[in-house]
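What follows is a set of notes on a single structure, which appears directly below.
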Amino acid sequence: MPRPVLSAQEARERIAAVEQFMVAYRSAIDEIETKLRVLQREFTHTDSYSPIESVSTRLKSMESLLRKARKRDCRHLDDVRARVTDIAGIRVICSFTHDVYRVRDLLLAQDDVTLLEQKDYVAHPKPNGYRSLHLIVEVPIFLSTGPQPVPVEVQLRTIAMDFWASLEHKIYYKYDGDVPAHLLAELTTAAHTASRLDADMERLHHEISALRTAHSADDDHVLPEMLQLISYFDSSPERH
């Protein structure tokens, strides 16, 4: 049965509805990104390093959204809202593996962030070696019509995990999904190498942190003498 032809007014109304629909998701990205940027700024100023290396965002294109909506048999925007949870996406690159979980916990500790789903490919990698922590979180967006809960996909991974995932994506794109078997095997080997690199770098980080703590303890013994010296030079000439 052919679809009815829309009038110009109906077409404008539907376009406006879709644009408003996407505004909510863009705003949800802004909300989660701001929370992560605040954490990153705080760590930069109060700690020796920030567990958040970088934050990037993406809003699914209309073409990509339409493909997924058809795949999941979405006939209305309400269907899309209920069945497609990765329209808004944020990727967080962390320094070390334990930082992935640290940032997750800090994000989920915020009162207005609700966890809907978690897939832990760090602890349980995919067969091809892919590692990342995937979250679907929900955050309220306050529009003129009132609050609206909006899902956002958050991916957290280390630099090594991200490098591997980027390489895999480029290879699959180059071969249009039909990747030769020997390249797939090499990708899996590279994933194991990246995992060992993460473990080695985290071990080095802990060792360096322990040395820094030990040096700080040594400095504490010197502190009283330094304070006496500063007090001496700050004293007025009348005291000598």
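What you see below is based on every heavy atom in this structure, not just the backbone, and it leaves out hydrogens, waters and symmetry mates.
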Same cluster or not: [X] versus [Y], using hydrophobic residues (I, L, V, M, F, W, Y) connected whenever any side-chain heavy atoms lie under 4.5 Å apart?
X      : Y      : answer
Trp164 : Tyr175 : yes
Val152 : Val38  : no
Leu143 : Leu59  : yes
Ile136 : Val55  : no
Val139 : Val84  : yes

If only atom types and distance count, is the side chain of [X] paired as donor or acceptor with the main-chain N or O of [Y] below 3.5 Å?
X      : Y      : value
Ser64  : Lys60  : no
Glu202 : Phe96  : no
Asp162 : Thr158 : no
Arg81  : Phe21  : no

Of all heavy-atom pairs linking Leu156 and Arg104, the shortest is CD2-N, 4.1 Å

Decide side-chain contact (heavy atoms from CB on, under 4.5 Å) for Thr114 and Val137; before the verdict, give the C-alpha distance in whole Å, the side-chain angles of both, and the deciding distance to 0.1 Å. CA-CA 5 Å; Thr114 302; Val137 301; over 6 Å; no

Assess the residue pair Cys74 and Arg70 against the criterion (side-chain contact (heavy atoms from CB on, under 4.5 Å)); give the C-alpha distance rounded to whole Å, side-chain angles, the decisive distance to 0.1 Å, and a yes or no. CA-CA 6 Å; Cys74 300; Arg70 285 173 174 167; over 6 Å; no

Just checking, is any N or O donor in the side chain of Ser50 or Gln40 under 3.5 Å from an acceptor N or O on the other one? no

Side-chain donor-acceptor pair under 3.5 Å between Tyr172 and Asp178, yes or no? no

Check [Y] with [X], please: is the shortest side-chain N to carboxylate O separation under 4.0 Å?
X      : Y      : answer
Arg58  : Glu153 : yes
Asp105 : Arg102 : no
Lys119 : Glu117 : yes
Asp112 : Lys35  : yes
Asp198 : Arg131 : yes
Asp30  : Arg26  : yes

With rounding to the nearest 0.5 angstrom, report the [atom1] to [atom2] distance, [X] to [Y].
X      : Y      : atom1 : atom2 : result
Ile171 : Leu184 : CD1   : CG    : 8.5 Å
Tyr25  : Gln20  : OH    : CD    : 12.5 Å
Leu36  : Leu106 : CG    : CG    : 9.5 Å

Go through Tyr101 and Val122 one step at a time and tell me if the side-chain contact (heavy atoms from CB on, under 4.5 Å) criterion holds. CA-CA 10 Å; Tyr101 297 103; Val122 177; 3.4 Å; yes

Check step by step if side chain to side chain donor-acceptor pair (under 3.5 Å) holds for Glu53 and Ser95. CA-CA 6 Å; Glu53 290 284 344; Ser95 304; 2.8 Å; yes

Is the positively charged end of Lys126 above the ring of Tyr130, judged by distance under 6.0 angstrom from the centroid and angle within 45° of the axis? yes

side-chain contact (heavy atoms from CB on, under 4.5 Å) between Leu115 and Val113, intermediate numbers included: CA-CA 7 Å; Leu115 177 65; Val113 178; over 6 Å; no

Going by side-chain contact (heavy atoms from CB on, under 4.5 Å), Lys68 matches just one of Ile87, Asp86, Val80. Which one?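 It is Asp86, the one option of Ile87, Asp86, Val80 that forms the side-chain contact (heavy atoms from CB on, under 4.5 Å) with Lys68.
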
